[in-house]
> 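Let me give you the structure first, and then I'll get to my questions.
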2 protein chains.
Amino acid sequence: MKNLEEKKTNTHCHAHGHAIGSQKACVSLVPIFNHLEAEQMEEIMVTAQSVSYKKGEIIYHAGGQSDSLYIVNKGKIRIYRLSESGKEQLVRILTPGDFTGELALFKEAVHESYAEAMEETKVCLINRSDLQQFLMRFPSISLKILTEFSNRLEQSEKQTARFATEKVETRIALFLAECLDSENDAKEFVLPMSKKDLASYLGTTPETISRKLADLEDQGLIKQKPRKRIEILDLDGLLFV
Amino acid sequence: MKNLEEKKTNTHCHAHGHAIGSQKACVSLVPIFNHLEAEQMEEIMVTAQSVSYKKGEIIYHAGGQSDSLYIVNKGKIRIYRLSESGKEQLVRILTPGDFTGELALFKEAVHESYAEAMEETKVCLINRSDLQQFLMRFPSISLKILTEFSNRLEQSEKQTARFATEKVETRIALFLAECLDSENDAKEFVLPMSKKDLASYLGTTPETISRKLADLEDQGLIKQKPRKRIEILDLDGLLFV
DNA sequence: CGACAGGTTGACCGTTATCAAAGATCGTGG
DNA sequence: CCACGATCTTTGATAACGGTCAACCTGTCG
């Protein structure tokens with residue numbers, strides 16, 4: 001199964017993807033690694049693989065063997081789950097620099113979620129045992145990953161608490177407010193996903209999203225514009241919904 | 001209020017708690033540390049503090065400065081959040097060997113949740129900078145914490161997906177089924193919390209918990225007994241609810 | 001230009017929150 | 001050890017919230 005291919009730049013690729021160019025670009029843009037010395041980085045790059053996926057391709061699926069960390073280099077990846085009763089929930093969308101697959105690296109050996117390329121996507125792969133060795137040798141990477149995990153856990157628990165205590169309209173309003181946060185001072189942003197996906201993410205239906213956004217617009221709190229653009233007219237009002 | 005008590009085994013305690021006995025007992029029962037050499041363990045114990053809390057005492061609260069890892073030695077701790085609209089959600093209950101406060105260790109310096117002693121409780125404290133040094137020096141601890149984080153994240157995302165996609169009755173049924181898992185083969189268990197807390201945990205109300213449990217009982221799937229005991233009569237049926 | 005996924009709107013109904021009040025249980029102090 | 005109060009739990013009546021189904025609209029892309 002190993003497919004070592006020694007070059008002077010030390011790039012080796014396999015799986016069902018295609019070889020891509022420099023892996024330095026891939027690895028170095030990742031917050032987890034970009035504090036390392038050039039020499040250490042080099043070492044990690046040697047072990048990383050690079051794979052491409054076409055739009056709609058499944059990168060991994062629940063129940064599947066999990067033994068690698070996936071680092072997004074280019075494109076977008078939809079991470080979703082199927083609940084016990086078979087309904088889908090969108091967990092998050094990965095963009096370049098994000099990573100996934102880490103759960104299974106430390107935990108069980110099977111994925112609990114699905115990863116699907118939303119467009120032409122390139123990822124870097126680092127396999128479990130390589131990664132664990134790096135973690136032992138460069139403890140600062142662990143600290144970075146721990147930080148990332150903390151953020152994710154924080155985010156996830158906040159989301160859970162919202163589901164547990166807020167009604168749909170409030171969850172939508174909070175989501176819009178957070179979209180605005182990520183923009184700098186602007187009062188307008190483009191929804192980072194389709195309304196269908198947003199419904200899945202917020203645990204509701206497209207119909208309800210549609211209706212509630214219309215309600216918020218009627219209340220004069222937001223304004224919907226073409227191409228998924230939304231302008232926030234009254235942020236405070238939105239937060240009191 | 002300080003109650004330092006120096007011993008040959010190097011125990012120091014303060015905060016608003018009281019000195020307790022051996023800290024070896026405290027630290028060694030924690031999965032994160034129990035793989036270490038005696039010598040390393042000793043070193044960690046030196047830096048740990050021990051604090052006791054009475055029933056109902058708040059151990060930390062949202063917005064409060066966060067700079068320590070809390071390891072439960074004895075008792076029970078309720079971790080809960082207040083949502084944007086002020087409603088409470090029970091996040092988890094800690095029992096001896098569990099730890100908390102880790103989010104803030106790597107992330108921001110303020111807590112986002114509340115920790116409340118549910119009974120007479122003892123915890124060990126390790127402060128942020130000490131812990132970070134240990135992590136750098138004993139990378140295996142990071143791996144243990146990463147594993148723990150993975151589990152928590154997994155758990156939290158699963159819970160979020162359930163909130164997003166399952167109705168209350170199903171969430172209750174799944175919760176009961178998981179309680180049974182933790183028992184060995186037995187068909188019966190005691191609810192690990194009050195129904196009020198369960199309602200908060202599952203994002204519903206005590207009234208609904210009461211009614212749905214009665215429904216499940218009417219359907220012949222479970223049997224409620226005194227002292228929070230529940231017998232599962234038909235596990236498969238429960239999972240198809 | 002046409003097809004198809006995504007989005008909107010309306011009517012309806014199931015689920016669950018809410019309010020109220022009575023009943024059970026638990027912990028505490030006398 | 002018992003009694004009391006506080007808190008938790010149950011039950012009922014009611015209504016709001018949001019899901020579902022169906023039909024129609026719209027913009028996006030081959």
> Out of the candidates A:Arg78, A:Lys196, A:Arg81, only one should pair with A:Glu88 under the salt bridge (Lys or Arg N to Asp or Glu O under 4.0 Å) rule; please name it.
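With A:Glu88 as partner, salt bridge (Lys or Arg N to Asp or Glu O under 4.0 Å) holds for just one option, A:Arg78.
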> Restricting to pairs with a member in residues 150-192 of chain B, which pass ring pair (Phe, Tyr, Trp, His ring centres under 6.0 Å), not counting sequence neighbours?
B:Phe175-B:Tyr201
> In whole angstroms, how far is the C1' atom of D:dG19 from the CD1 atom of A:Ile209?
13 Å
> On DNA chain D, does the nearest nucleotide to B:Ser210 precede the nearest nucleotide to A:Glu169 from the 5' side, or the other way round? Give the residue.
B:Ser210
> Are OP1 or OP2 of C:dT8 and a side-chain N or O of A:Lys195 less than 4.0 angstrom apart?
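Indeed, a polar side-chain atom of A:Lys195 lies that close.
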> Reading nucleotides 18-30 of chain C 5' to 3', which nucleotides get B (base under 4.0 Å from a protein heavy atom), which S (sugar-phosphate only), which -?
BBB----------
> Quick check on contacts: within residues 229-241 of chain B, what sits under 4.0 Å from DNA chain C by heavy-atom distance?
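None, since no heavy atom is under 4.0 Å.
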> Indicate yes or no: at least one non-hydrogen side-chain atom of B:Ile222 is less than 4.5 angstrom from one of B:Ile232.
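Yes, at least one pair of side-chain atoms sits under 4.5 Å.
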> Does a side-chain heavy-atom distance below 4.5 Å link B:Arg152 with B:Arg92?
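Yes - at least one pair of side-chain heavy atoms lies under 4.5 Å apart.
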> What does the list of N/O pairs under 3.5 Å between the protein and nucleotides 24-26 of chain D look like, with a distance for each?
none

> Do any of residues 77-84 of chain B sit with a heavy atom less than 4.0 Å from DNA chain C, and if so which?
none
> Compile the donor-acceptor pairs under 3.5 Å between side chains in residues 206-214 of chain A and protein atoms, sequence neighbours left out, one pair per line.
| from | atom 1 | to | atom 2 | distance (Å) |
| --- | --- | --- | --- | --- |
| A:Thr208 | OG1 | A:Thr205 | OG1 | 3.1 |

